Amino acid sequence: MSSSVPLTNGNAKKDVRATAILHRTPWQPPVATSAEGIYITLEDGTKLIDAVGGAAVACIGNGHPAVQKAIKEQVDEVSYVYNMQLSNGPAEDLAHHIIETSKGAFDLVGFVSGGSEAMEGVLKTARQYFYETDQPQRKNFIARELSFHGNTLATLSLAYHPARRAPYAALLNTDSFHHVSPAYAARFKGKDETEEQYVERLRQELENKFIELGPDTVIGFVAETVVGATTGVVAAPRGYFKAMKSVCEKYGALFILDEVMSGMGRLGTLHAWESFGDGVAPDLQAVAKGLGGGYAAIGAVLISKRVADGIRDASGFWKHGHTYQANPLSCAAALAVQRVIADEDLLANVQRIGPILGERLRTRLQGPNALAAPFVFDVRGAGAWWAAEFDFESPAGDGLAFSDAGFAGAVQTRALENGLIIMAFSGGGSVDGKKGHHLMVSPAYNITEAQVETIVDVLVRSVEEVLTEAGVKA
């Protein structure tokens with residue numbers, strides 16, 4: 001029998017087994033024992049609704065029979081080969097599927113084991129391209145403040161997520177990684193500035209950074225097509241990505257997109273840049289979460305013809321790799337997930353359900369009778385990805401007291417107690433990471449309207465309970 005220790009998760013206290021895992025949370029998380037669709041059952045029998053797909057990962061939910069079948073069949077055929085010795089059928093088939101569904105944007109694919117690895121692979125591939133095309137002086141990347149690109153030292157250096165960078169600041173590379181302003185109009189566009197003027201200001205800032213560093217030293221500009229965890233589903237203004245790519249093209253640099261969270265259907269199109277990036281295809285792109293849907297650890301680097309040709313005409317191979325790269329089981333699972341999305345027309349469901357989810361959130365959080373309305377800065381999103389941002393820097397927020405976890409953390413805890421899994425973050429409203437609180441939902445692509453209603457009901461109830469306990473009067 002396992003021993004038990006008390007679990008403290010906000011106000012929730014229950015006995016759970018002792019753990020030998022160094023967890024990512026200051027509390028010991030409950031243990032999941034089974035899952036089907038968007039429903040997860042815990043060790044004590046509690047049933048939860050996963051409204052966020054773990055971390056925008058479980059795009060078709062748990063337990064889909066077609067994916068289960070593919071994984072089981074692959075185990076019986078080939079479970080592992082090392083990709084520096086042998087390739088495998090699922091990896092070859094998955095690569096062809098991605099290329100064929102990307103409308104000519106990409107020529108080659110490289111597989112890795114997750115999002116951070118994908119972004120690390122992007123950085124190394126970009127450098128390899130210039131190294132092999134006789135431009136070895138190019139060593140600088142330009143990314144944005146209030147961004148997140150992964151948890152390796154290189155990707156933390158590339159990104160600018162203040163809280164996640166802080167413990168490792170002494171180790172981060174500030175020589176090759178540089179930053180410009182975020183494209184977050186609701187927070188940073190001037191009061192008298194038009195959207196076009198704001199985009200032009202950001203374009204000029206990027207060009208100035210190129211000139212400051214030396215245009216022929218810049219490898220590329222890197223951005224999340226839609227910013228995820230750091231600010232909470234923030235899309236750039238119209239014309240922004242077209243403008244940013246124009247600067248890259250002017251100076252021969254690469255235009256690079258991180259779609260680890262936003263890509264592979266999350267916003268209703270296979271690639272987020274098709275709907276939220278001015279239709280501008282990148283030179284390199286990272287994908288991960290929605291690729292394997294949580295059935296396997298997998299990510300990918302998508303490589304344009306320009307970059308592919310540069311490498312093919314030189315060494316001809318990828319000078320980057322990991323032990324589990326292009327793993328047959330992972331690729332078989334991911335291919336099955338992508339076929340489910342296509343066969344069940346799930347992107348159409350994402351496009352249909354998005355406006356419903358957005359309308360319900362706005363009505364319940366910002367409507368005339370909403371308890372939370374005075375504190376809601378914004379409700380935004382599209383498809384199967386939405387966020388609500390809260391701001392308490394107003395007279396109505398004076399004197400409100402939340403737990404040590406802050407408002408967002410308190411709501412996430414209360415939602416879990418109420419049977420709903422969401423994601424909550426603080427610090428996305430200012431470059432120093434000290435302002436703003438946002439809640440995020442990213443349900444499975446096959447979610448129903450009835451499930452949307454339940455998710456919104458429990459989320460809003462959790463928000464209102466936390467506000468009431470902090471002293472907000474109805």
Side-chain angles (χ1 to χ4, degrees), residues 57-122 124-125 128 259-260 263-266 270-271 284-305 307-309 311-312 315-347 444-446:
V57 174
C59 57
I60 62 171
N62 274 278
H64 196 289
V67 185
Q68 291 176 327
K69 180 174 181 287
I71 294 171
K72 290 173 182 176
E73 289 178 350
Q74 189 59 43
V75 169
D76 291 338
E77 293 175 3
V78 180
S79 59
Y80 176 77
V81 293
Y82 185 40
N83 72 307
M84 285 193 74
Q85 298 163 342
L86 299 169
S87 188
N88 64 86
E92 299 288 350
D93 292 344
L94 179 59
H96 281 298
H97 178 86
I98 293 170
I99 298 300
E100 290 163 4
T101 55
S102 294
K103 303 176 182 177
F106 306 109
D107 251 33
L108 293 173
V109 177
F111 292 115
V112 291
S113 298
S116 292
E117 280 190 17
M119 282 306 299
E120 189 90 13
V122 160
K124 290 178 71 177
T125 306
Q128 180 183 345
E259 295 205 356
V260 167
M264 304 309 293
R266 176 58 56 191
L270 183 64
H271 303 296
L284 288 167
Q285 179 178 321
V287 296
K289 297 175 185 291
L291 178 60
Y295 287 88
I298 190 168
V301 176
L302 311 186
I303 305 169
S304 67
K305 187 177 189 303
V307 176
D309 283 348
I311 292 174
R312 280 187 295 223
S315 67
F317 65 95
W318 202 17
K319 296 180 179 179
H320 172 72
H322 298 276
T323 301
Y324 292 102
Q325 188 170 306
N327 178 271
L329 294 178
S330 297
C331 291
L335 182 58
V337 169
Q338 295 310 306
R339 285 174 172 165
V340 166
I341 292 171
D343 293 347
E344 298 183 10
D345 202 16
L346 294 187
L347 295 191
Y445 301 171
N446 47 12

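Values below: every heavy atom of this structure, side chains too, minus hydrogens, waters and symmetry copies. Every value quoted in this text rests on a predicted model; they were computed, and no experiment measured them.
- Contact of the Val307 side chain with the Leu108 side chain is not registered, since no non-hydrogen atoms from C-beta on lie closer than 4.5 Å.
- For His64, there are no ring-ring contact (aromatic ring centres under 6.0 Å, His included) partners two or more places apart in sequence or in a different chain.
- Every side chain to side chain contact (heavy atoms under 4.5 Å, CB included) that Asn62 has, sequence neighbours left out, goes to Ala35.
- In this structure Ser102 satisfies the side-chain hydrogen bond (donor to acceptor under 3.5 Å, both in side chains) test together with His271, sequence neighbours excluded.
- With contacts defined as side-chain heavy-atom distances shorter than 4.5 Å, the pair Trp318/Gln128 qualifies.
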Quiz: residues 66-76 side-chain donor-acceptor pairs under 3.5 angstrom, not counting sequence neighbours:
from, atom 1, to, atom 2, distance (Å)
Lys69, NZ, Glu73, OE2, 2.6
Gln74, NE2, Val78, O, 2.8

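- The two residues Ala300 and Ala118 make their nearest non-hydrogen contact at O-CB, 3.8 Å.
- The shortest side-chain heavy-atom distance between Met264 and Gln338 falls under the 4.5 Å cut-off.
- Inter-residue side-chain proximity for Val109 and Ile303 is flagged as unmet; no heavy-atom pair is nearer than 4.5 Å.
- Sequence neighbours left out, not one pair with a member in residues 329-339 passes salt bridge (Lys or Arg N to Asp or Glu O under 4.0 Å).
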- Message: Please determine whether side-chain contact (heavy atoms from CB on, under 4.5 Å) holds for the pair Phe111 and Cys331, giving the CA-CA distance in whole Å, both sets of side-chain angles, and the decisive distance to 0.1 Å.
- Response: CA-CA 9 Å; Phe111 292 115; Cys331 291; 4.2 Å; yes

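- Contacts of Tyr82 classified as ring-ring contact (aromatic ring centres under 6.0 Å, His included), with partners at least two apart in sequence or in another chain: none.
- Using a 4.5 Å heavy-atom cutoff, the side chains of Asn327 and Ser113 are not in contact.
- Asp107 is linked by a side chain to side chain contact (heavy atoms under 4.5 Å, CB included) to Lys305, Ala308, Arg312, counting only residues two or more places apart in sequence or in another chain.
- Across every non-hydrogen atom of His320 and Val112, the tightest pair is NE2-CG1, 4.3 Å.
- Tyr445 pairs by the ring-ring contact (aromatic ring centres under 6.0 Å, His included) definition with nothing, not counting sequence neighbours.
- Shown here are the side-chain hydrogen bond (donor to acceptor under 3.5 Å, both in side chains) partners of Glu120, two or more places apart in sequence or in another chain: Thr152.
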If you look only at distance, which donor and acceptor atoms sit under 3.5 Å apart when one is on a side chain in residues 92-101 and the other is two or more places apart or in another chain?
from, atom 1, to, atom 2, distance (Å)
Glu92, OE2, Ser87, OG, 2.6
Thr101, OG1, His97, O, 2.8
Thr101, OG1, Ile98, O, 3.2

